[in-house]
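What follows is a set of notes on a single structure, which appears directly below.
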Amino acid sequence: MSAIRDLRPTITDIRKAAERLDGLAFRTPLLESVDLNERTGGRILLKAECLQRTGSFKFRGAYNAVSQMDPEIRSRGVLAWSSGNHAQGLATAARLHGISATIVMPKDAPEIKVANAKRLGATIVPYDRYNEIREEIGGRIADEHGLTIIPPYDDEHIVAGQGTVGLEIDAQCQEMGTEPDALLLNCSGGGLTAGCAVAMTANNPATEIYCVEPEFYDDHAQSLANGTRTEISTDKRSICDSLLTPIPGEVTFPINKELLSGGLTVTDDEIRDAIVYAFERLKLVVEPGGAASLAAILTGRIDCKGRTVCAVLSGGNITKEMFAEIMSRGGSSSR
């Protein structure tokens, strides 16, 4: 069982991660919408990680972590806990290295994520996210079978891999002749947020960086306000299955505390509206956790007028049943 290493990845670590991922992870597009620009009065650029390998950014960090393991230790297999996106990313990374992957997944994880992880060769261990502790379950299994834990966010190699999203955004903005005034990142444990914050501030220190979380699961926003990691209650429900972490990561929060400008929150209904908008106006399928940053833009949680604002659409793994239900009800964003 691997211990958490409280180290901050540097921009050099992120660039090396990009080299490892070259030819494996997609360089997803940074999309601009005339409709969205007119609606907000700014220039909105959306990083479509919903089009990434496995349907989310998670493959980046998982592959970067697995590729740096000692070969003998790696051959014994890896384990993670995940609601689904890290599961698919790690399953793919393990498959590419010819090793086994075991994933501890909540019983209420979207079926599409469970099915995809199984299809990629992962062994799934279900648990009750509201009454059981995934870290304890995963720790026992890892100890019993000699597996190495690859955390979903609390590892510097994971953070560096996710930071390649920010590295690409910076390069793509330069190619488009602009610099981002603000960057919005959907946030769970904070790996994507921390990695992108390090990457973006290396070349654009004036860029404001915000994490975006669902209402009732704003552990990062509360922690930023309090100046220390703050655990929240998990007795509420949200459609954002990928953003339901109750406390920021030990590795990620110190980075985010230093580099972020603040935290934004959006409601489930606002996220539903964003999913409708993404499909009808942008022609993209985005899962709830992947649409939070877009919801923050559509609702005016951040002032975009006269500014260039980038946001990451971090995942597109939504069940057809949920997508149909959301589309059938429509949304204020599409009207």
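The chain is numbered in sequence order, starting from 1. Computation of the quantities below employed the complete heavy-atom set of this structure, encompassing side-chain atoms and omitting hydrogens, waters and symmetry-equivalent molecules.
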Would you check if [X] and [Y] make a side-chain contact, meaning some heavy-atom pair closer than 4.5 Å?
X	Y	value
Phe279	Phe323	yes
Arg76	Thr148	no
Thr164	Leu21	yes
Ile44	Ser33	no

> Going by the salt bridge (charged side-chain N to carboxylate O under 4.0 Å, His left out) test, which pairs reach into residues 229-246, not counting sequence neighbours?
Replying inline: Lys113-Asp241

Under 4.0 Å between a side-chain nitrogen and a carboxylate oxygen: does that hold for [X] and [Y]?
X	Y	value
Glu49	Lys58	no
Asp35	Arg281	yes
Lys305	Glu38	no

> How about Thr193 and Asn256: does a side-chain donor come under 3.5 Å of a side-chain acceptor?
Replying inline: no

Keeping [X] on the side-chain end and [Y] on the backbone end, is there a donor-acceptor pair under 3.5 Å?
X	Y	answer
Asp170	Gly166	no
Asp154	Glu250	yes
Glu280	Met327	no

